[in-house]
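Remember, it's 1-based here, ligands and their atoms both numbered in the order they're listed.
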Amino acid sequence: MPLQPIKFYQTGSFVVGNRLLDPDERAVQARIDRTNSLNCGHRACQGCGEALGARYALDAAMRATGNQMVAVNATGCLEVFSTPYPETSWRIPWLHSLFGNAPAVATGVAAGLKAKGRSDVRVVGQGGDGGTVDIGFGCLSGMFERNDDVLFICYDNEAYMNTGVQRSGATPPAARTTTTPAIGPEPGNVFGQGKNVPAIAMAHEIPYVATATVADLRDLEYKVTRAMDFRGARYLHVLVPCPLGWGSASGDTIRIARLAKESGLFPVFEAEGGEVTDVSKIRRRVPVEDYLRLQTRYAHLFGEHGHPGTVARIQAVADRNIRRFGLVEGE
Ligand SMILES: Cc1ncc(C[n+]2csc(CCOP(=O)(O)OP(=O)(O)O)c2C)c(N)n1
Ligand code: SF4
Ligand SMILES: [Mg+2]
C-alpha cells in the first residue's frame with residue numbers, strides 16, 4: 001500500500017516540540033515516513049476527541065506493524081463521520097459490519113489471516129463505548145476468553161453520541177444525557193450502575209490491558225505500540241471527550257481529558273495477565289469540580305439550585321480510584 005505524502009498542516013508545533021526530544025521519544029507525527037490512517041475530509045465535530053484518538057492510535061498501530069494491518073470498526077460516530085457513502089477518510093484496509101459485532105468480525109479477520117499463513121498482518125478492532133461496553137460486549141468477552149489475536153480499542157465518550165447522546169453503560173453518574181435528563185431530586189445518570197470494562201478485561205487475564213486519554217498522545221502511541229508486542233487478545237480503553245455530548249468547548253477537549261486524569265476520575269494504567277504493571281501518577285491533583293464545571297452535562301450540579309452533595313459523591317469516586325491505583329505519590 002503506498003504511503004500518503006505528509007501534508008503541510010501535519011508538520012506544526014508537534015514537529016517543533018519533537019525536535020527537542022531524542023528520536024526514540026518523538027511522536028510518530030513528526031516522522032516524514034509516518035502513516036496517515038485517518039485522512040482529512042471526515043465530518044467529525046470540531047474538537048472531537050474520538051477523531052483525534054483514533055488517528056493517533058491507528059497511526060501508531062500502522063507504524064508498529066510496518067503498515068501490515070486491518071481495522072474493523074463498529075457502528076458509531078467514528079464509522080459514520082469517516083465513511084459517508086461513497087466516500088472514506090481511511091487510508092488503510094478498513095471494514096465496517098454492525099454496531100454489535102466488531103470484536104467477532106475482527107476475530108474472523110484474524111482467523112482468516114492465520115489460515116492464509118499471514119501472521120505478519122495484524123488486526124485492530126475499534127468502536128465507541130456503546131459498541132464495546134453494551135451491545136458488543138458478549139463478542140468482546142468471547143474474543144478475550146479465546147485469546148484471539150486482536151487489539152480492540154474502545155473510544156469512550158461516555159454515551160451513544162452518534163444517535164443523539166443516549167446513556168450507555170459507560171455514562172458516569174450524574175451526567176445528563178437525553179435518556180438521563182437533569183430533572184428530579186437526583187438529576188442525570190444514577191449512581192451505582194455501569195461497567196468498568198478495563199477491569200472486566202483484566203479479569204479475563206488477557207495479555208495486555210491499558211487505559212489512555214487524548215491528553216497524552218505520546219502515552220497513547222506508546223500503549224498501542226506496546227500492545228502490538230503481544231500476540232493474543234489486547235484491550236485499550238481511551239477517554240475521548242465529545243464537545244457535542246458533553247457540552248464543552250471544542251478548544252477544551254485536551255484540557256478536559258487531562259482534568260479527568262488529574263482529578264482521579266479516569267485512572268491511566270497498564271496491566272499484563274490481569275495484574276496492574278504501571279500507573280500514570282497524577283502530576284497536579286485537582287478537585288473533580290474543575291473537571292465537571294467545563295461541561296454543561298453537569299451544569300445542574302452547580303449554581304443556586306445545584307447539588308453539592310452529588311459533587312461530593314463524584315469526588316468520593318475519584319478518591320477511591322486514587323487509593324485503588326495509588327495515583328498520588330505517598331497516598
Ligand atoms: C443493532 C443496532 N442498534 C442500534 C443502532 C443505532 N446506533 C448506531 S450507532 C449507535 C450509538 C453508538 O454509540 P457508541 O458506540 O458509544 O459510539 P459513539 O457514536 O458515541 O462514538 C446506535 C445506538 C444500530 N446501528 N444497530
Ligand atoms: S458527536 Fe462527539 S463523538 Fe461524534 S463526531 Fe461529534 S464530537 Fe465526535
Ligand atoms: Mg460513545
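- Between G130 and ligand 1, at least one N/O pair is under 3.5 Å apart.
- Counting protein heavy atoms only, atom 8 (C) of ligand 1 is closest to T75 CG2, 3.6 Å.
- Less than 4.0 angstrom separates some heavy atom of E50 from each of these atoms of ligand 1: 21 (O).
- No more than 12 heavy atoms of other residues, nucleotides or ligands lie within 6.0 Å of CD in E186, so this atom counts as exposed by the packing criterion.
- For atom 19 (O) of ligand 1, the candidate residues are G128, C77, A74, G245; the nearest heavy-atom contact is made by C77.
- Contact atoms of ligand 1 toward T163: 6 (C), 7 (N), 8 (C), 10 (C), 11 (C), 22 (C), 23 (C) (distance under 4.0 Å to a heavy atom of the residue).
- The shortest heavy-atom distance from A159 to ligand 1 is under 4.0 Å.
- Of the listed residues (L220, V238, L217), just one forms a side chain to side chain contact (heavy atoms under 4.5 Å, CB included) with L52, and that residue is L217.
- Between E272 and R226 there is a salt bridge, since a side-chain N of the basic residue sits under 4.0 Å from a carboxylate O of the acidic one.
- Among the atoms of A159, an N, O or S atom falls under 2.8 Å of the Mg ion (ligand 3).
- Near F81, the atoms of ligand 2 lying under 4.0 angstrom from a non-hydrogen atom of the residue are 5 (S).
- Counting heavy atoms only, P243 comes closest to atom 7 (S) of ligand 2 of the residues A54, A51, P243.
- When each atom of ligand 2 is checked for a heavy atom of N157 under 4.0 Å away, the hits are 3 (S).
- Between D59 and R63 there is no salt bridge, since no side-chain N of the basic residue sits under 4.0 Å from a carboxylate O of the acidic one.
- With respect to R55 and E50, no salt bridge is recorded, no charged nitrogen being found less than 4.0 Å from a carboxylate O.
- When only non-hydrogen protein atoms are considered, atom 5 (C) of ligand 1 lies nearest to F99 CD2, 3.8 Å.
- Between Y160 and ligand 1, a contact under 3.5 Å exists for no N or O pair.
- Backbone or side-chain N, O or S atoms of D129 reach the Mg ion (ligand 3) at under 2.8 Å.
- With respect to atom 4 (Fe) of ligand 2, the closest heavy atom belonging to the protein is C77 SG, 2.4 Å.
- Using modelled atom types and a 3.5 Å distance limit, the side chains of N189 and T171 yield no donor-acceptor pair.
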I'd like to know whether R122 forms a salt bridge (Lys or Arg N to Asp or Glu O under 4.0 Å) with D149, so could you lay out the CA-CA distance, the side-chain angles of the two residues, the decisive distance to 0.1 Å, and finally the verdict. CA-CA 8 Å; R122 312 295 300 276; D149 190 20; 3.7 Å; yes
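- Summary of contacts: the protein heavy atom closest to atom 8 (Fe) of ligand 2 is C48 SG, 2.3 Å.
- Expressed to the nearest 0.5 Å, how far OH of Y85 lies from OG1 of T83 amounts to 12.0 Å.
- The aromatic rings of W90 and W94 sit parallel to each other, their planes meeting at less than 30°, with 60° as the upper class boundary.
- Metal site remark for the Mg ion (ligand 3): Y155 contributes no N, O or S atom at a distance under 2.8 Å.
- A distance-only check finds a donor-acceptor pair linking the side chain of N101 to the backbone of L98 [under 3.5 Å].
- Look at C242 and atom 2 (Fe) of ligand 2: an N/O/S atom of the residue is under 2.8 Å from the metal.
- Among the atoms of C45, an N, O or S atom is found under 2.8 Å from atom 6 (Fe) of ligand 2.
- Checked against a 3.5 angstrom limit, the closest N/O atoms of N157 and ligand 1 fall inside it.
- A distance-only check finds a donor-acceptor pair linking the side chain of T180 to the backbone of T177 [under 3.5 Å].
- The closest approach between a heavy atom of I135 and any atom of ligand 1 is below 4.0 Å.
- Regarding atom 9 (S) of ligand 1, its nearest protein heavy-atom neighbour is N162 ND2, 3.3 Å.
- Ring-centre distance between Y235 and F144: below the 6.0 Å cut-off.
- Looking at V123, V150, D148 one by one, the single match for side chain to side chain contact (heavy atoms under 4.5 Å, CB included) with V109 turns out to be V123.
- Those atoms of ligand 1 with a heavy atom of G131 less than 4.0 angstrom away are 15 (O).
- Taking the centre and axis of the six-membered ring of F302, the NZ or CZ atom of R293 falls inside the cone set by 45° and 6.0 Å.
- With a heavy-atom cut-off of 4.0 Å, Q166 does not touch ligand 1 at all.
- Remark: ligand 2 atoms within the under-4.0 Å shell around heavy atoms of E50 are 3 (S).
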